[in-house]
Amino acid sequence: MTRLLGPVLIYVVMFLGWTGVGLFMLLAPGRFGNLLHHEVGVFPEVQRGDWGKKLFVPLAGAGFLAFAVHFALRVADLVEQVR
């Protein structure tokens, strides 16, 4: 039983990571854009009136959440195949 905790923990952490980033992008697109700007420098700074940047970030966040759902369904399918 303890040998299963390693792979299960990895999949849970991966799912929570994708979900957490996706929700952060959906709920706070300005903060996420500015985080990318200040920490990595790959995204221009988000100002109050930048509707294009604030539109792109939530769309990408929805994509991250869709990937997390797809990931969870694939892992559930994998578990069913093993049984």
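Quantities reported herein were computed from a predicted structural model and do not represent experimental measurements.
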For a 4.5 angstrom cut-off between non-hydrogen side-chain atoms, does L35 reach F24? yes

Is there a donor-acceptor contact under 3.5 Å from the side chain of K53 to the main chain of P29? no

Mind checking the CZ-NZ spacing from F32 to K54? Nearest 0.5 Å is all I need. 15.5 Å

Out of curiosity, M25 CE to F56 CZ, how far, rounded to the nearest 0.5 Å? 6.5 Å

Under 30°, 30 to 60°, or over 60°: which ring-plane class applies to W18 and F64, parallel, tilted or perpendicular? tilted

Without swapping roles, check the side chain of H37 against the backbone of P44 for a donor-acceptor pair under 3.5 Å. no

If you measure from OG1 on T19 to CG on L65, what distance do you get to the nearest 0.5 Å? 6.0 Å

May I ask you to check whether over 12 heavy atoms, not counting those of F71, lie within 6.0 Å of atom CZ? yes

Please tell me if the side chains of F15 and I10 come closer than 4.5 Å, counting only heavy atoms from C-beta onward. no

Give the cluster check for L55 versus V46: same hydrophobic cluster or not, with ILVMFWY residues linked at side-chain heavy-atom distances below 4.5 Å. no

In this structure, CG of L59 is separated from CG of L26 (nearest 0.5 Å) by 9.0 Å

With sequence neighbours excluded, residues passing side chain to side chain contact (heavy atoms under 4.5 Å, CB included) with L16: V12

Would you check if the side chain of N34 reaches a backbone N or O of R31 as a donor-acceptor pair within less than 3.5 Å? no

